[in-house]
Amino acid sequence: MIVAGVDGSQAGLEAVAWAAREAVLRDMPLRLVHAIPRWVLESGETAEEGRRYAGVARWMREGADTALAAAVDRARREAPEVEVDSAHLPGDPRTALIDAAGKADLLVVGNHGLGGFRGLLLGSVAYGVAGQAPCDVVIVRGTPTPARGEVVAGVDGSPVGAAALDFAFAEAALRGARLRAVHAWTWFEAGGGFVPGPDDPDVEQTEVRVVSEALSGHRERYPDVEVVEEVVRGHPVDVLSDASDAADLLVVGSRGRGNLAGLVLGSVSHALLHHARCPLAVVRGR
């Protein structure tokens with residue numbers, strides 16, 4: 001199934017709408033979940049503490065019910081044929097969503113919700129679940145965009161990158177969309193600063209082979225998907241952000257070749273959480 005996080009924000013409702021359309025494509029049920037503090041769900045009317053906070057708890061439960069009801073209504077209007085259910089989850093939103101994702105194929109959240117400070121590009125919940133959820137995660141921007149017929153996948157030749165390509169090909173096939181496989185490469189000094197390198201054809205051909213080898217096997221499994229290969233010299237974040245401007249979905253692995261062991265989210269995927277201009281899929285390694 002697909003799980004979508006709900007918090008009453010506009011970004012959350014756009015995430016629900018995206019998840020409902022995805023549920024149609026995948027022929028899966030959709031579960032809408034809203035996290036609420038455990039004490040609110042467990043508060044009673046008899047104990048002294050329960051009486052003291054009964055009004056606040058009732059107000060918070062009513063708000064949670066309203067948020068879930070609005071989300072269910074949006075999902076059913078977006079995709080009447082999809083089986084939709086909803087649930088309140090006790091506890092911190094990040095922990096609750098990560099737990100709920102344990103039984104899901106995909107977790108969908110908005111890029112920021114009611115708790116975000118004005119001007120921030122990404123909410124703490126979206127960032128927290130992108131790096132730690134046990135399934136693939138899609139972060140949906142608060143503003144919907146028209147369909148463009150293209151899925152963009154970041155290619156880096158890593159094992160997690162191969163999982164991202166699997167995801168991207170499947171999404172392109174479901175949507176009848178073109179797949180743009182983008183590989184960005186740079187020259188770096190020992191100190192880590194960006195340095196434009198010489199026009200060395202041997203180096204560029206090596207980078208082209210990274211893409212060809214990464215795509216090997218996928219074309220045979222998805223013969224109907226049109227594939228465009230793109231090798232660009234530039235920083236991966238800048239290149240993929242620009243490519244996402246004309247895409248329905250940007251797909252990256254949770255970690256690439258250049259990340260330290262033990263990090264839950266790589267530097268490129270982390271940066272794209274903030275700067276992608278379309279829904280972003282962060283794919284776990286298999």
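- Using a 4.5 Å cut-off on side-chain heavy atoms (C-beta onward), Glu150 and Val228 make no contact.
- Considering every non-hydrogen atom in both Ala4 and Ala19, the closest pair reads CB-CB, 3.9 Å.
- A donor and an acceptor atom, one from each side chain of His34 and Asp65, are nowhere located under 3.5 Å apart.
- For Glu220 (side chain) and Gly217 (main-chain N/O), a donor-acceptor pair under 3.5 Å exists by modelled atom type.
- Counting only distance, with no hydrogens or angles, the side chain of Ser241 and the backbone of Asp238 share no donor-acceptor pair below 3.5 Å.
- Between Leu165 atom CG and Leu179 atom CG the span is 7.0 Å, to the nearest 0.5 Å.
- The backbone N or O of Arg284 lies less than 3.5 Å from no partner atom in the side chain of Ser254, so there is not a single donor-acceptor pair.
- For the pair Ala271 and Val237, the tightest heavy-atom approach, listed with the atom from each and the gap, is CB-CG2, 3.6 Å.
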Steps toward side chain to side chain contact (heavy atoms under 4.5 Å, CB included) verdict (Met1, Lys103):
CA-CA 8 Å; Met1 66 178 173; Lys103 297 181 180 179; 4.2 Å; yes
Apply side chain to side chain contact (heavy atoms under 4.5 Å, CB included) to Phe169 and Val227, showing your working.
CA-CA 9 Å; Phe169 265 93; Val227 180; 3.8 Å; yes
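- At a threshold of 4.5 Å between side-chain heavy atoms, the hydrophobic network of Ile, Leu, Val, Met, Phe, Trp and Tyr places Val33 and Val129 in one connected group.
- Tracing side-chain contacts under 4.5 Å through hydrophobic residues (I, L, V, M, F, W, Y), one never reaches Leu13 starting from Val140; they form parts of separate clusters.
- Distance CG/Asp245 to CG/Leu250: 11.5 Å, rounded to 0.5 Å.
- For the pair Ala75 and Val16, the tightest heavy-atom approach, listed with the atom from each and the gap, is CB-CG1, 3.8 Å.
- Rounded to the nearest 0.5 Å, atoms CD1 (Ile36) and CG (Leu89) are 10.5 Å apart.
- A salt bridge is absent between Glu83 and Arg31: the closest approach of a Lys/Arg side-chain nitrogen to an acidic carboxylate oxygen does not fall below 4.0 angstrom.
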Dump the intermediate steps for side chain to side chain contact (heavy atoms under 4.5 Å, CB included) on Asp242 and Arg277, then the final yes or no.
CA-CA 8 Å; Asp242 289 343; Arg277 301 166 197 168; 3.1 Å; yes
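- Salt-bridge check for Glu78 with Arg21: passed, with a basic side-chain N closer than 4.0 Å to an acidic carboxylate O.
- Looking at Ile2 and Trp18, their side chains never come closer than 4.5 Å, going by heavy atoms from C-beta outward.
- Glu229 and Arg219 are joined by a salt bridge, as a carboxylate oxygen and a charged side-chain nitrogen come within less than 4.0 angstrom of each other.
- In terms of heavy atoms, Ala247 sits closest to Val152 at CB-CG2, 3.6 Å.
- Between Leu30 atom CG and Arg76 atom CZ the span is 10.0 Å, to the nearest 0.5 Å.
- The pair Arg26-Glu171 meets the salt-bridge criterion, with a side-chain N (NZ, NE, NH1 or NH2) lying under 4.0 Å from an Asp/Glu carboxylate O.
- Under the 4.5 Å side-chain heavy-atom criterion for Ile, Leu, Val, Met, Phe, Trp and Tyr, Leu174 and Tyr222 are members of distinct hydrophobic clusters.
- Remark: Ser244 OG to Arg148 CZ distance equals 8.5 Å, nearest 0.5 Å.
- Nearest heavy atoms, Pro90 versus Ala96: O-CB, 4.2 Å.
- Nearest heavy atoms, Ala101 versus Ala133: CB-CB, 4.4 Å.
- Hydrophobic clustering (ILVMFWY, side-chain heavy atoms < 4.5 Å, transitive): Val208 and Val155 are in one cluster.
- The backbone N or O of Val151 sits nowhere less than 3.5 Å from a side-chain atom of Asp248 that would complete a donor-acceptor pair.
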Can you list the steps and then say if Leu272 with Val282 is a side chain to side chain contact (heavy atoms under 4.5 Å, CB included)?
CA-CA 10 Å; Leu272 288 170; Val282 179; over 6 Å; no
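- Summarising the geometry, atom CZ belonging to Arg180 is positioned 9.0 Å from atom CD belonging to Glu226; distances are rounded to the nearest 0.5 Å.
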